[in-house]
Amino acid sequence: MEKFIIEGGKKLSGRVKISGAKNAALPVMSASLICGGKTVLHNIPDVRDIRTLIKILEYLGASVKFEKNTVEIDPSGVCKYTAPYEFVSTMRGSVCLLGPLLAKYGKARISMPGGCVIGSRPIDLHIKGLKKLGVNIINEEGYIVGRAKKLKGNTIFLGGNFGSSVLATANIMTAAALAEGETIIEFASCEPEIVDLAMMLKKTGAKIYGEGSHRIRIEGVKRLKGVEYSIIPDRIEAGTYMLAGYATGSSITVENVVPSHLFSFLDKMEEAGVSFKTGKDALTTRKLKKWKSVDVITLPYPGFPTDLQAQMMAFLTLSDGISTITEKVFPERFIHVGELNRLGANITLDGAKAIIRGVDKLKGAKTMASDLRASAAIVLAGLAAEGETEVSRIYHLDRGYEKFEEKLTSLGARIRREKE
Ligand code: UD1
C-alpha cells in the first residue's frame, strides 16, 4: 500500500488541466457494448475505476485498447455476461453494465454491489426500471441475474427516496435505446454525465429526447453503430482543484472545464465571499486569507454535488463562523469528519448534518483515506495545514483522480507518494 506525505502551508500557483469525467466515461464505455462495431472514446481518464471496467469488458470477451486517454472497444467477441464479485466489489459503477448487456444479449449476471463507506447504496431503482422493460430479474447467490427475450418500451418513474438515480437513469436509457417501442423515464437524472451518455448514444443512432431534464423519451431502434466520441471534462476534479486553491489562499487556474456544470458550486463560493474569474473553458481562483461560513445542502444536479461535499467541508473548516453541510443524497457520507478533526478542524455531526465551526489554522497529522472523495478532502486539508500530514491508503484516490500528486506538484504543492 502507498501513502502521501504532504508538507502543508505552501501557496499554489499556475494552471492545471482537468481530465475527462470518470463518471461519464464509465456508462459511455459500458454502452459501447450495444454498438454494432468498434467505438473509439477520447478524453478517458487513466484512473483505477476505468482500468477495472476495462478488465471486466475484456473478461466478457470484448477487445479493448487503451492508450493516451483514448480507448477503443470492439464488442464483437463478447461471449460472457457475468461481472464477477472481485471486480464489482472494488468499483460499484460496474452496475452500469446491466442495461447494455440485457439490451444486446438478453442476459446479464452482475455481482450485487453491496454497501460501502458512503452508505447502503441500494439498486432497487435499476431493478424496477429493467423489470418495466420486460426483464426477468432474480437475486441468486449474491448476483443479480437478468434475462429477457426482447425488451419492450414502457413509462417508468425512476425517483427514489433520495431523488433521481444517475446510474439507474444510465442503465434504463441505454437499455431502452434497443427496446421495442417508446420508453419514457420520469424523474430521470439531469446530471451532465447523463447528457454526455445521451449524446454518445445519439451518435450511434439512438433516438433520445429530453436529456438534461427530468423526463427523457427514447424511441427504440433495431441496431446502433460504433462511433468516435469525446467525454466531457470532470466537474468534480475541477471543483476539487479550485477548493485546493481557495483553501491554501492561492490563485490557480483550472483549464478544460465547462463552467456551467459547476453553477451550484460557484454560486456557493460567491456566497462564501470568494471570487473567481471565468474564461471560456477555464476558471481562476482569487487569493484570500479568510472566507465566510455558508450553509450547503447536497442535492442531485443542478444542486450542490455530493461528490464535492467532503472537499467543501475541508475548505469550510477554515471559514469565519459556523457553516453547516446537510447531505441529502447519501445521508451517511461523513467518514471524513473524524480525519479532518484530527487535523484540528472543529466539526460535529447531527444526523445527516455536519456543523463546522471555523478554526484559524489546521495542523498536520497522520490520517487515513477511506473513500475517494473523503481522501481528496483530507489531502486539501493537509495542503492548507501547518506541518506534515500523512495520508495512508491512497488507493482510494487512485480510483478517480488522474495523476493527482503530479498535478498538485506542478502547482507548487509539496506532496510525495511513499510505500507504507
Ligand atoms: C453516481 C456517481 C457517484 C455520485 C452519485 C450521486 C458514478 C459512477 N457514480 O452514483 O459518484 O456520488 O451518482 O451523484 O456515476 N438510490 C436508491 N436506489 C437505487 C439507486 C440509488 O435508493 O436503485 C439512492 C442512493 O442510495 C442515493 C441516491 O439514490 O441515496 C442517489 O444515488 P445514485 O444517483 O444512484 O448514485 P450512483 O448512480 O450509484
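Counting convention: from 1, in listed order, for ligands and their atoms alike. Note that the structure is a prediction, hence the values are computed from the model and not measured.
- Which parts of ligand 1 touch Arg333 is read off a 4.0 Å heavy-atom cut-off, strictly below it: atoms 12 (O).
- In this model, no donor atom of one side chain and acceptor atom of the other lie less than 3.5 Å apart for Thr367 and Glu339.
- Considering both main-chain and side-chain atoms, Asp307 comes within under 3.5 Å of ligand 1 through a nitrogen or oxygen pair.
- Not one N or O of Thr306 is nearer than 3.5 Å to an N or O of ligand 1, by distance alone.
- Side chain to side chain, Tyr229 and Asp196 meet the donor-acceptor criterion of an N or O pair below 3.5 Å.
- The shortest N/O to N/O separation between Phe330 and ligand 1 does not fall below 3.5 Å.
- Each of the following atoms of ligand 1 lies closer than 4.0 Å to a heavy atom of Val329: 27 (C), 28 (C), 30 (O), 31 (C).
- For atom 22 (O) of ligand 1, the nearest non-hydrogen atom from the set Ala25, Pro27, Gly160, Pro122 comes from Pro122.
- Per-residue contacts place Arg92 under 4.0 angstrom from the following atoms of ligand 1 (heavy atoms of the residue considered): 39 (O).
- To the nearest 0.5 Å, the span separating CG on Asn23 from SG on Cys96 amounts to 9.0 Å.
- Considering backbone and side-chain N/O of Val166, one or more are found under 3.5 Å from N/O of ligand 1.
- Relative ring orientation between Tyr301 and His261 is described as perpendicular, the plane-to-plane angle rising above 60° on a 0-90° scale split at 30° and 60°.
- Heavy atoms of other residues, nucleotides or ligands lying less than 6.0 angstrom from CZ of Arg223 number 12 at most.
- Residues Ala282 and Thr253 come closest through the heavy atom pair CB-CG2, 4.0 Å.
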